[in-house]
Each structure stands twice: as structure tokens, then as C-alpha cells.
Amino acid sequence: MPGLPDFPAHGTLTFAFDAALKGAPLPAGLTATDPAEAERRFAVYRNNVATSLIEALARRFPVIRRLVGAEFFAAMARIYAEDHRPTSPVLLEWGQSFPDFLAGFAPLKGYPYMADVARIEYARGLAFHSADAPPMDPVRLAGADPYALRLRLAPSVRVLHLGHPAVSIWLQNQPGTAPGTVAPAGAEIALILRDRAFNVPVRPVTGAEARMVEGLGRGETLGVAAEAAVAADPDHDPQPLLLYLIGSGAITDLQETE
Amino acid sequence: MKTLPKAAGLGFKPDHFAAIMAEPPALGFFEVHAENYMGAGGLPHAQLAAIRADHALSLHGVGLSIGGPGRLNADHLARLRRLCDRYQPESFSEHLAWSSHGTDYLNDLLPLPYTDETLALVCDHVDEAQAALGRRILIENPSTYVLFEQSVIPEVDFLYEIARRTGCGLLLDVNNVFVSCTNHRTDPRRWLADFPLHLVGEIHLGGHASEELPSGPFLIDSHDSEVADPVWTLFTEVIARTGPLPTLVEWDNDLPDWSTLRAEAARAQHILDQGEHHLARAS
């Protein structure tokens with residue numbers, strides 16, 4: 001603001017306060033009615049910041065929390081939160097680097113699939129909050145030439161190529177399900193979208209199906225995208241995937257070219 | 001611009017959406033935290049639009065860091081502006097606190113010393129927010145757990161000066177008054193006697209947790225339980241002086257069922273009704 005001085009004093013205080021939240025000594029001047037209690041009272045802020053961020057991560061990564069247990073999750077999330085503070089007051093965007101953090105977190109070295117499960121959970125959060133786009137009336141598809149037809153996918157639609165069987169693990173760790181046995185290796189592909197009821201299902205798809213969704217997303221015509229998928233896998237049948245996208249409300253518009 | 005009805009309101013929680021839609025309550029208003037509605041679309045906006053269609057709305061920000069150093073976050077101001085444009089809330093309020101440091105967002109309402117320097121800074125931020133949002137905003141008194149040797153201005157005077165210099169209104173959180181005064185061994189009635197009640201645009205009531213320190217009781221603003229009896233008493237005394245005001249019962253953690261929340265709102269409404277009778281007799 002023109003005409004106003006900088007505020008180094010307050011900036012210095014908040015800097016010291018933030019450092020104290022991470023364990024540094026209390027900022028100069030911070031006290032209490034009984035100064036001997038200042039440390040104990042300041043601990044409320046330490047606890048509020050840590051707990052609120054741990055809870056925000058737990059809401060975003062419930063399957064990771066279930067897989068590692070609440071206690072382990074809280075300890076791990078506390079470390080993540082200190083080193084990867086949110087950079088925006090909009091916490092629903094926070095946690096993008098959590099999968100990579102898990103991949104490099106030494107105590108999880110024996111669980112290489114964790115990062116992929118976290119990628120699914122983060123992508124689901126993005127899909128849940130993504131922009132609205134009303135579904136297209138499927139009647140408009142009738143009689144159209146697939147090679148002249150471009151479908152617009154909803155902003156929620158995402159394809160994740162995962163090095164581990166993370167879709168199977170995610171599906172087996174939903175509330176109310178008993179954990180089953182998953183083959184320890186094998187790549188999987190997740191199709192994530194937000195459906196008409198605002199649910200965000202995770203669907204395992206084949207490489208050919210992923211190719212088709214990605215082609216449609218790039219603006220290929222339905223004919224070209226389906227053909228490329230069949231080229232990738234001669235057994236590919238475009239129909240079930242297309243019906244799934246339409247049924248979920250994930251196709252929002254179409255364009256017919258001459 | 002319309003203002004909030006002078007009646008009891010509740011925080012809107014998605015868990016209660018179905019119950020609210022099944023039987024729309026006769027509440028003064030609903031309040032939401034602005035930061036929970038900053039995604040592009042989806043269920044949160046669909047629910048808030050449905051709630052807003054039937055009720056007055058208070059938008060309550062927790063992330064603007066009015067009491068922080070430096071400029072306000074321009075991206076965040078723009079997001080708040082978009083929300084205000086979209087939902088046309090009857091009220092927008094924020095806190096006398098800071099929550100951002102540099103690029104870090106700390107997700108808590110942190111205390112500041114009350115000095116000439118911080119007063120000028122906060123007023124500057126309130127001016128900036130009111131200009132960006134195109135409306136008068138309310139600033140809420142905080143719950144605090146520590147003091148600063150640097151502080152030279154009493155909290156009540158600090159809040160009054162913010163309102164006087166910027167033209168903003170005040171949000172009186174009676175639970176925060178009780179929590180802070182108990183923690184700092186001062187008298188909440190004295191605090192309220194000095195407070196400029198004519199500037200209050202909304203009241204907050206909420207539950208707190210209690211611990212015992214060597215020096216005496218230590219209260220934490222937890223929003224996870226019923227409003228405590230001493231807070232109801234202070235609220236009743238305030239309303240006897242002011243008449244009815246828009247009054248929110250806050251309950252954000254360990255959420256109870258909808259009927260329990262409604263009972264808390266009904267208790268607040270009863271006190272507001274008594275206040276109206278009291279004022280009518282006095283005039």
C-alpha cells in the first residue's frame with residue numbers, strides 16, 4: 001500500500017511463531033498471566049495446527065489411513081505436514097505431493113504400492129470438486145457417424161496408469177469391506193470420474209479402454225479413438241466403456257463434423 | 001444489501017443435508033466456512049445452492065489472515081469475491097487472527113499483539129477486503145491462549161478502532177470472550193461492558209473444552225460440545241442490552257445429530273425472544 005511503512009516487526013514475530021510451531025523456542029514477548037505457563041499454553045497452537053492438518057490429510061487419504069493404521073498415519077502425516085505445509089487456505093487442493101512422499105518414506109519401503117493408492121485418492125478428490133458440466137442427452141448419439149463424432153468428457157474424468165495393483169487394493173479397502181488378498185505385483189489402470197449422484201467410483205480398465213478414453217479426451221472422433229483401442233487390443237469392445245461413460249453422465253457434449 | 005435475520009442460525013454440515021431437505025427448519029440463517037466451497041463444482045456447491053435457495057446465508061472466512069504481515073492473498077480475495085457473487089450472502093465475516101506466513105498456510109487462527117503497528121496493518125487489510133468484496137464485513141474477536149508483552153492496546157479498544165477506522169462491523173463471539181477472559185484471568189462482564197455492542201452484526205456461541213493449569217482453569221475453543229452455561233448467561237445479558245441479533249450456534253467437531261443442533265438453536269432463539277420482550281417493556 002502506498003504511504004504505509006513495511007511491518008518488519010510483525011513479520012519477524014510471525015516468522016518466529018511459525019518456527020516455534022515446529023519446535024523452536026517461543027517468540028520473544030510471548031507470555032501468559034503466569035509466564036511459567038507460556039510453553040504449556042502455546043502447545044495448544046502446536047497441537048491445533050498439527051491436528052487440523054493431519055485430519056485434513058486423513059479426509060483426503062482414507063484408504064492409506066486404513067492400510068497403515070490410524071496411529072501410524074497420524075505420525076506420518078505430522079511429518080508430511082511440517083515439511084509440505086499447505087500453500088493455500090483452500091485445503092482441498094493440498095496433498096498433491098503426498099504420493100511421492102509415501103514413495104520416499106523409509107518405513108514404508110516394503111509397501112511400494114502405497115504411493116499408487118494415494119494417487120487414486122488424490123485424483124478422486126480432484127474429480128469430486130471438479131467443475132460441473134451437465135450430461136448430454138444420449139439420444140443425440142443415435143444415427144451419428146462415429147468418424148464425424150467428437151465427444152466432450154466431463155472435467156472430472158481421469159485415467160491413471162499405475163505400476164502396482166492399486167485399483168484392486170483401493171476397491172478392497174472401502175468402508176464395510178474386509179481386506180482380501182491382492183496379487184503383490186502387476187500394473188493397473190484406473191478410470192476415475194464423478195457420476196450423476198456425485199459419487200466418484202474407481203473402475204479398473206484395460207490398456208485399450210484407457211487408450212480410448214485418452215483419445216476422446218484429446219478430441220479424437222469416436223471412430224478413431226475406438227479403432228486405435230482395437231489396434232492396441234483386438235479383443236477390445238468399445239461398447240461397455242461407452243455405456244459406462246454415458247450412464248455416469250461423463251459425456252457432456254458432442255460435435256459432429258462434416 | 002439485505003442483512004441476516006435477527007434470529008438463531010446454525011452451521012450447515014453436509015451430514016445434515018438430507019434431514020434439512022426432508023423438513024426445512026424455521027431457522028434465521030445458515031452459516032458455512034467459505035474455504036469449504038472453493039472447489040470448482042460438484043456436491044458441495046449443489047448442496048449449498050439448495051440450502052441458499054431456502055435460507056439466509058452467512059459466509060464465514062477462516063483463511064484470509066487479516067492479522068498477518070504483508071499484503072492479503074490476492075488469489076484468495078478473488079475466490080471470496082466469486083463466492084460472494086455466486087451466493088449473495090447476507091453477511092461475510094472473518095477473524096482478528098493470522099493463519100498464513102509467507103507461502104505457508106497454517107490452518108489455525110493464530111494470535112497477534114495489539115500495537116499501533118498491527119492496528120494499522122489490520123485496518124489496511126480490512127479496507128482491502130471490503131474494497132475487493134464490495135461490501136461491509138464483520139470482524140470476530142478471537143479465543144486466545146497466550147499474551148504478548150508487546151501489546152499496548154486492550155482487545156476491546158483494538159476491535160473498536162478497527163471498526164471506527166474501516167467502517168466494518170463486529171462479530172461478537174461470546175464463547176471466545178469467556179475463553180479468553182478466563183485464560184487471562186480477567187472479567188468477561190467487564191470486557192462486554194466496554195465492548196461497542198452497537199457495532200455487532202452477528203453473535204457466535206459455541207462449546208469449549210476445559211483443563212486445569214497450576215494457575216487455574218484453561219479453556220480451549222473446541223466447537224465440539226454444547227454451549228456452556230456461563231456463556232448462555234453472558235449471551236442473555238448481552239441480548240437484554242441489545243435486543244435480538246443474528247446468533248449462530250457453532251458446532252464443528254464431534255458433530256451431533258441434527259435434532260441436538262436444532263435444540264441448541266431453539267435455546268438461543270428463546271433467549272432472543274426474551275430479549276425482545278425485555279426491550280419492549282423497557283421502552
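Chain letters run A, B, ... following the sequence lines, proteins first and then strands; every chain starts at 1. Worth knowing before you read on, the calculation uses all heavy atoms, side chains too, and leaves out hydrogens, waters and symmetry mates.
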Does any backbone or side-chain atom of Ser99(B) lie under 4.5 Å from a heavy atom of chain A? Answer side chain, backbone, both or neither.
neither

Is the CZ atom of Arg60(A) crowded by more than 12 outside heavy atoms at less than 6.0 Å?
yes

Any chance you could measure Met38(B), atom CE, to His129(A), atom NE2, to the nearest 0.5 Å?
12.5 Å

Any donor-acceptor pair under 3.5 Å linking the side chain of Tyr145(B) with the backbone of Ala32(A)?
no

Between Ala36(A), Ala38(A), Ser88(A), Ala50(A), which residue shows the highest count of heavy-atom pairs closer than 4.5 Å to chain B?
Ser88(A)

Got more than 12 heavy atoms from elsewhere within 6.0 Å of CD, Gln255(A)?
no

Interchain contact, Leu92(A) with chain B, by part (heavy-atom threshold 4.5 Å):
side chain

Segment of Phe148(B) engaging chain A (4.5 angstrom heavy-atom cut-off)
both

In terms of heavy-atom pairs under 4.5 Å with chain A, the winner among Gly63(B), Ala34(B), Gly42(B) is Gly42(B)

Rounded at 0.5 Å granularity, tell me how far CZ in Arg40(A) sits from CG in Leu213(B).
5.5 Å

If we define contacts as heavy-atom pairs under 4.5 Å, which of Val62(B), Ile220(B), Leu110(B) has the most with chain A?
Leu110(B)

Above 12 or not: heavy atoms from other molecules or residues under 6.0 Å from CD of Glu71(A)?
no

Is there a side-chain contact between Glu35(B) and Leu91(A) in this structure, where contact means two heavy atoms from C-beta onward sitting under 4.5 Å apart?
no

Can you confirm whether Arg152(A) is buried at CZ, in the sense that more than 12 heavy atoms of other residues, nucleotides or ligands lie under 6.0 Å from that atom?
no

Neighbour count above 12 (heavy atom, 6.0 Å) for Arg190(B) CZ:
no

For atom CZ of Phe15(A), decide whether the heavy atoms of other residues, nucleotides or ligands shown that lie under 6.0 angstrom number more than 12.
no

Part of Ser130(A) within contact of chain B (heavy atom distance under 4.5 Å)
backbone

Could you check whether the rings of His10(A) and Trp98(B) sit parallel, tilted or perpendicular, using 30° and 60° as the cut-offs?
perpendicular

Nearest-0.5 Å distance that lies between atom CG in Leu13(A) and atom NE2 in His101(B):
9.5 Å

Would you mind checking which part of His76(B) comes under 4.5 Å of any heavy atom in chain A, side chain (CB onward), backbone (N, CA, C, O), both or neither?
side chain

Name the option with the most non-hydrogen atom pairs under 4.5 Å to chain A; the candidates are Gly61(B), Ser151(B), Gly68(B), Pro111(B).
Pro111(B)

Would the distance check show the side chain of Asp104(B) and the main-chain N or O of Arg85(A) forming a donor-acceptor pair, the cut-off being under 3.5 Å?
no

When rounded to the nearest 0.5 angstrom, what distance separates NE2 in His45(B) from CG in Asp132(A)?
7.5 Å

More than 12 heavy atoms of other residues, nucleotides or ligands under 6.0 Å from CD of Gln174(A): yes or no?
yes

Looking at Thr87(A), Asp18(A), Asp34(A), Val49(A), which has the largest count of heavy-atom pairs under 4.5 Å with chain B?
Asp18(A)

Find out whether Tyr45(A) and Leu106(B) are in side-chain contact, i.e. whether some heavy atom of one side chain is under 4.5 Å from a heavy atom of the other.
no

Report the distance from atom CZ of Arg41(A) to atom CG of Leu147(B), rounding to the nearest 0.5 Å.
7.5 Å

Heavy-atom cut-off 4.5 Å, strictly under: side chain, backbone, both or neither for Leu26(A) against chain B?
neither

Among Ala197(A), Pro86(A), Pro27(A), who wins on heavy-atom pairs under 4.5 Å with chain B?
Pro86(A)

Top residue by heavy-atom pair count (under 4.5 Å) with chain A, among Leu109(B), Thr186(B), Asp75(B), Asn183(B)?
Asn183(B)

With a 3.5 Å distance limit and no angle check, can you tell me whether Glu149(B) reaches the backbone of Ala28(A) through a side-chain donor-acceptor pair?
no

Measure the CG-OG1 distance between Asp108(B) and Thr51(A) for me, rounded to the nearest 0.5 Å.
9.5 Å

For the residue pair Ser215(B) / Glu37(A), report whether a side-chain donor-acceptor contact shorter than 3.5 Å exists.
yes

